[in-house]
Amino acid sequence: TETVERVRAASSVPVAVGFGISTADHARAVAEIADGVIVGSRVVRAAGQGGPSAVGSLVAELRDALQL
């Protein structure tokens with residue numbers, strides 16, 4: 001939270017956070033303090049483990065979690 005606040009104070013652009021976001025709960029928590037949530041490596045991991053259907057399931061889970 002402190003880092004996001006410092007970035008906001010120093011810049012007028014939207015703030016996105018993307019380190020360590022691997023679950024829907026993580027994404028939801030970050031979305032409460034930042035303008036964007038980045039989940040790139042988690043999507044790549046899902047693709048490697050279960051292919052397109054796993055990516056689709058992950059994206060649906062994240063979408064549902066981010067309905068703020």
Side-chain angles (χ1 to χ4, degrees):
T1 302
E2 289 178 26
T3 301
V4 171
E5 290 172 6
R6 284 187 301 168
V7 171
R8 281 191 198 285
S11 176
S12 62
V13 299
V15 177
V17 175
F19 292 102
I21 312 300
S22 62
T23 68
D25 288 338
H26 292 159
R28 186 180 306 110
V30 168
E32 291 179 6
I33 62 167
D35 301 306
V37 179
I38 302 167
V39 292
S41 59
R42 179 62 184 100
V43 173
V44 170
R45 188 170 357 127
Q49 292 174 339
S53 64
V55 172
S57 295
L58 173 64
V59 169
E61 181 182 336
L62 294 169
R63 178 203 60 219
D64 292 345
L66 295 174
Q67 299 297 317
L68 302 174

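Every value quoted in this text rests on a predicted model; they were computed, and no experiment measured them. Residue numbers start at 1 and run along the sequence shown. Values below: all heavy atoms of this structure, side chains included; hydrogens, waters and symmetry mates excluded.
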Original post:
Going by the side chain to side chain donor-acceptor pair (under 3.5 Å) test, which pairs reach into residues 47-59, not counting sequence neighbours?
Top reply: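 Output for this query is empty, none listed.
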
Residue list, side chain to side chain contact (heavy atoms under 4.5 Å, CB included) with [X], at least two apart or on another chain:
| X | answer |
| --- | --- |
| L62 | A27, V39, L58 |
| A24 | E61, A65 |
| S41 | none |

**OP:** Could I get the full list of salt bridge (charged side-chain N to carboxylate O under 4.0 Å, His left out) partners for R6, not counting sequence neighbours?
**Re:**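 Salt bridge (charged side-chain N to carboxylate O under 4.0 Å, His left out) check on R6 returns nothing, list empty.
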
What side-chain donor-acceptor pairs closer than 3.5 Å can you find for residues 12-23, not counting sequence neighbours?
unit_1: S22; atom_1: OG; unit_2: H26; atom_2: ND1; d: 3.4
unit_1: T23; atom_1: OG1; unit_2: D25; atom_2: N; d: 3.4
unit_1: T23; atom_1: OG1; unit_2: H26; atom_2: N; d: 3.0
unit_1: T23; atom_1: OG1; unit_2: H26; atom_2: ND1; d: 3.3

**OP:** Taking only Lys NZ, Arg NE, NH1 and NH2, and the carboxylate oxygens of Asp or Glu, determine whether R28 and D64 approach each other closer than 4.0 Å.
**Re:**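 Here R28 does not pair with D64 in a salt bridge, since their nearest N and O are not under 4.0 Å apart.
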
**OP:** In sequence, state the C-alpha distance, the side-chain angles, and the governing distance for R8 and D35, and then conclude on side-chain contact (heavy atoms from CB on, under 4.5 Å).
**Re:** CA-CA 10 Å; R8 281 191 198 285; D35 301 306; 2.9 Å; yes

Original post:
Is there a path from V7 to V37 through hydrophobic residues (I, L, V, M, F, W, Y) whose side chains come within less than 4.5 Å of each other?
Top reply: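 Yes, V7 connects to V37 through the hydrophobic network.
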
